[in-house]
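Take a look at the structure set out below.
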Amino acid sequence: MEKKPFITLEQAKDIIKDIPTPFHIYDEKGIRENARALNKAFSWNKGYKEYFAVKATPNPYLMKILQEEGCGMDCSSYTELELCEACGITGSDIMFSSNVTPVQDMKKAYELGANINLDDLTHVEFIKKVCGVPKTICCRYNPGGVFKLADSEEKVQVMDTPGDSKYGMSEEQMVEAFTELKKAGAEEFGIHAFLASNTVSNEYYPELAGILFNLAVRLHKKTGVHIKFINLSGGVGVDYKPEQPKNDIAIIGEGVRKKFEEILVPEGMGDVEIYTELGRYMLAPYGALVATAIHEKHIYKEYIGLDACAANLMRPAMYGSYHHITVLGKENEPCDHKYDVTGGLCENNDKFAIDRMLPKIDMGDIIYIHDAGAHGFSMGYNYNGKLRSAEVLLKEDGSHKLIRRAETPGDYFATFDFSDDFKLPKD
Ligand SMILES: *Cc1c(COP(=O)(O)O)cnc(C)c1O
């Protein structure tokens with residue numbers, strides 16, 4: 001499908017008067033509409049709740065918007081837990097899905113009353129020692145092997161390898177963990193699994209649900225525990241490329257409902273609550289990185305250099321990910337120029353696009369990089385002394401608000417020790 005920016009060149013220019021590029025911008029209207037459609041798709045399930053994966057876009061304003069739409073938060077570190085606490089999100093509105101969990105993180109999750117998701121069998125003893133076993137507890141499952149989804153022509157459409165992933169426990173370990181946790185006082189149990197990432201397929205969640213619902217029935221029979229919830233976790237993806245199909249959340253919700261009716265209801269387990277833990281699906285399309293073309297270079301290839309770099313959006317450099325690019329104001333011009341669009345890091349993988357057909361780019365053009373609303377700003381880093389950019393919210397009424405200022409050199413210097421003979425820069 002054609003990819004359209006959620007701001008026009010005029011809007012961008014207006015914002016740039018207050019906030020210079022580069023910045024990340026988020027679309028409140030899009031975020032709310034999408035969250036509502038998700039909640040509607042799962043409204044057949046009484047206890048349904050989406051726990052937004054905070055790591056995707058940890059910003060209090062965005063978390064508040066999602067909270068207002070009925071979402072909880074999924075955390076995996078001490079500071080993410082503190083961020084939730086600061087937003088007034090506590091108790092069972094938090095899922096804590098960590099791995100290699102430090103003591104202080106586990107204690108904090110327990111103190112906040114979060115739904116704690118144990119990544120490993122050894123964490124049963126660990127949590128007993130650190131803080132005790134809460135009344136509600138969840139364990140993360142890993143079936144091993146290869147996870148495959150085929151489409152109607154039996155072509156493999158989604159493939160991931162749980163057998164190589166560091167997360168979760170085997171079924172035998174789940175049985176042992178539930179048995180031990182029950183002995184230690186746990187009363188309500190959850191099951192969680194994340195088997196494939198960024199899937200563009202309406203089949204992923206229903207397939208995963210089938211696996212987890214059957215597992216829940218077996219675990220209930222073997223251990224006698226009450227399964228309170230099943231967390232389908234993240235992994236519902238977005239169409240980064242214009243030619244990709246879009247996930248249809250209504251079809252996905254209906255697919256999960258069918259499995260629920262088929263597998264859980266006949267076993268008397270129709271009270272199980274369904275949770276999701278989506279990050280990318282909630283935010284990626286409703287955020288963009290806005291940058292300015294500041295240099296051009298003609299050597300063996302044509303290069304356009306931006307004032308943003310991989311420190312603002314790491315996905316292309318890290319995973320070779322495609323992010324669609326629009327030159328604002330040139331939406332209707334022919335894409336008859338082939339460019340590498342780069343940032344200024346001293347790293348040759350600092351390219352937002354390689355051999356991309358775009359309209360002719362002039363210096364000063366505003367470049368809109370799509371689908372940067374999740375795992376974008378949050379993966380930012382300070383390599384080469386580059387500073388993290390600002391975050392801006394485009395509100396429903398069309399006005400904009402700075403929701404995180406850009407870093408300054410002062411922020412960069414704040415953690416050095418200048419107690420000896422060094423001179424701090426003035427800014
Ligand atoms: C990252 C993560 C998610 C969200 O993944 P998306 O691909 O953004 O949907 C959910 N749950 C856990 C435990 C995660 O680590």
Side-chain angles (χ1 to χ4, degrees), residues 26 31 34-35 37-38 41-42 49-59 62-63 66 71-81 83-84 93-101 105-106 109 114-120 123 137-142 147 149 158-160 162 165-169 190-202 204-205 208-209 212 229-240 244 246-247 249 252-253 256 274-287 313-315 318-319 321-323 371-379:
Y26 305 95
I31 294 169
N34 182 63
L38 172 72
F42 285 91
K49 198 170 184 75
E50 151 69 7
Y51 288 87
F52 174 64
V54 170
K55 73 166 190 272
T57 328
N59 186 294
L62 303 174
M63 289 161 69
L66 289 170
C71 302
M73 296 290 142
D74 167 52
C75 300
S76 71
S77 69
Y78 188 82
T79 45
E80 285 180 357
L81 288 166
L83 186 54
C84 283
D93 284 346
I94 301 177
M95 267 305 297
F96 182 65
S97 285
S98 79
N99 67 97
V100 197
T101 312
D105 298 31
M106 190 63 95
N115 286 332
I116 295 174
N117 182 19
L118 300 181
D119 182 63
D120 188 58
H123 290 204
I137 190 85
C138 179
C139 289
R140 184 165 183 168
Y141 174 57
N142 183 334
F147 179 84
L149 275 182
V158 170
M159 200 184 95
D160 230 317
S165 112
K166 67 173 176 172
Y167 308 107
M169 27 187 138
I191 300 173
H192 170 285
F194 192 158
L195 301 189
S197 167
N198 190 29
T199 60
V200 185
S201 159
N202 294 332
Y204 170 62
Y205 255 8
L208 171 67
L212 294 186
F229 64 84
I230 293 175
N231 186 334
L232 302 176
S233 186
V236 175
V238 301
D239 46 330
Y240 286 100
Q244 277 180 305
K246 240 187 173 48
N247 280 322
I249 204 66
I252 291 173
V256 174
I274 303 298
Y275 299 163
T276 56
E277 229 171 51
L278 298 167
R280 192 187 314 273
Y281 187 78
M282 302 309 287
L283 255 297
Y286 314 108
L313 177 65
M314 196 196 225
R315 299 187 69 260
M318 187 165 171
Y319 310 115
S321 310
Y322 180 96
H323 277 265
D371 301 319
H375 312 295
F377 178 94
S378 62
M379 287 175 105

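Atoms within a ligand are numbered from 1 in the order they appear, just like the ligands themselves.
Near Ser233, with a cut-off below 4.0 Å to any heavy atom, the atoms of ligand 1 are 10 (C), 11 (N). Residue Gly235 has at least one heavy-atom neighbour below 4.0 Å for each of these atoms of ligand 1: 6 (P), 7 (O), 9 (O). Of all atoms in ligand 1, listed by their number and element, those nearer than 4.0 Å to a heavy atom of Arg280 are 6 (P), 7 (O), 8 (O), 9 (O). Residue-ligand proximity, Arg140 to ligand 1, at heavy-atom distances under 4.0 Å covers atoms 13 (C). Against a heavy-atom cut-off of under 4.0 Å, His375 is close to the following atoms of ligand 1: 6 (P), 8 (O). Atoms of ligand 1 lying under 4.0 Å from any heavy atom of Asp74, numbered from 1 in the order shown and given with element: 10 (C), 11 (N), 12 (C), 13 (C). Against a heavy-atom cut-off of under 4.0 Å, Ser97 is close to the following atoms of ligand 1: 13 (C).
With Asp105 contributing its side chain and Ser77 its backbone, the two residues share no donor-acceptor pair below 3.5 Å. At least one donor-acceptor pair under 3.5 Å links the side chain of Glu50 to the backbone N or O of Leu278.
Shown here for Gly237 and Arg280, the closest heavy-atom pair between the two residues is CA-CD, 4.1 Å. The minimum heavy-atom distance between Ser98 and Ser76, with the atom names listed, is CB-O, 3.6 Å. Contact detail for Leu149 and Ser201: the closest heavy-atom pair is CD1-OG, 3.7 Å.
Residue-ligand proximity: Ala56 is placed with every non-hydrogen atom at 4.0 Å or more from ligand 1.
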- Message: Would Asn247 and Val200 count as a side-chain contact (heavy atoms from CB on, under 4.5 Å) here? Give the steps.
- Response: CA-CA 6 Å; Asn247 280 322; Val200 185; 4.3 Å; yes

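Remark: ligand 1 and Tyr281 share no N or O pair separated by less than 3.5 Å (distance only, no angle test). Considering backbone and side-chain N/O atoms, Asn198 never comes within less than 3.5 Å of an N/O atom of ligand 1.
The protein atom (non-hydrogen) at minimum distance from atom 11 (N) of ligand 1 is Glu277 OE1, 2.5 Å. Residue, atom and distance of the protein heavy atom nearest to atom 1 (C) of ligand 1 are Lys55 NZ, 1.3 Å.
Taking the six-membered ring where tryptophan is involved, the planes of His323 and Tyr240 are perpendicular, since the angle between them exceeds 60° and thus also 30°.
To the nearest 0.5 Å, atoms CD1 (Ile252) and CZ (Phe42) are separated by 7.0 Å.
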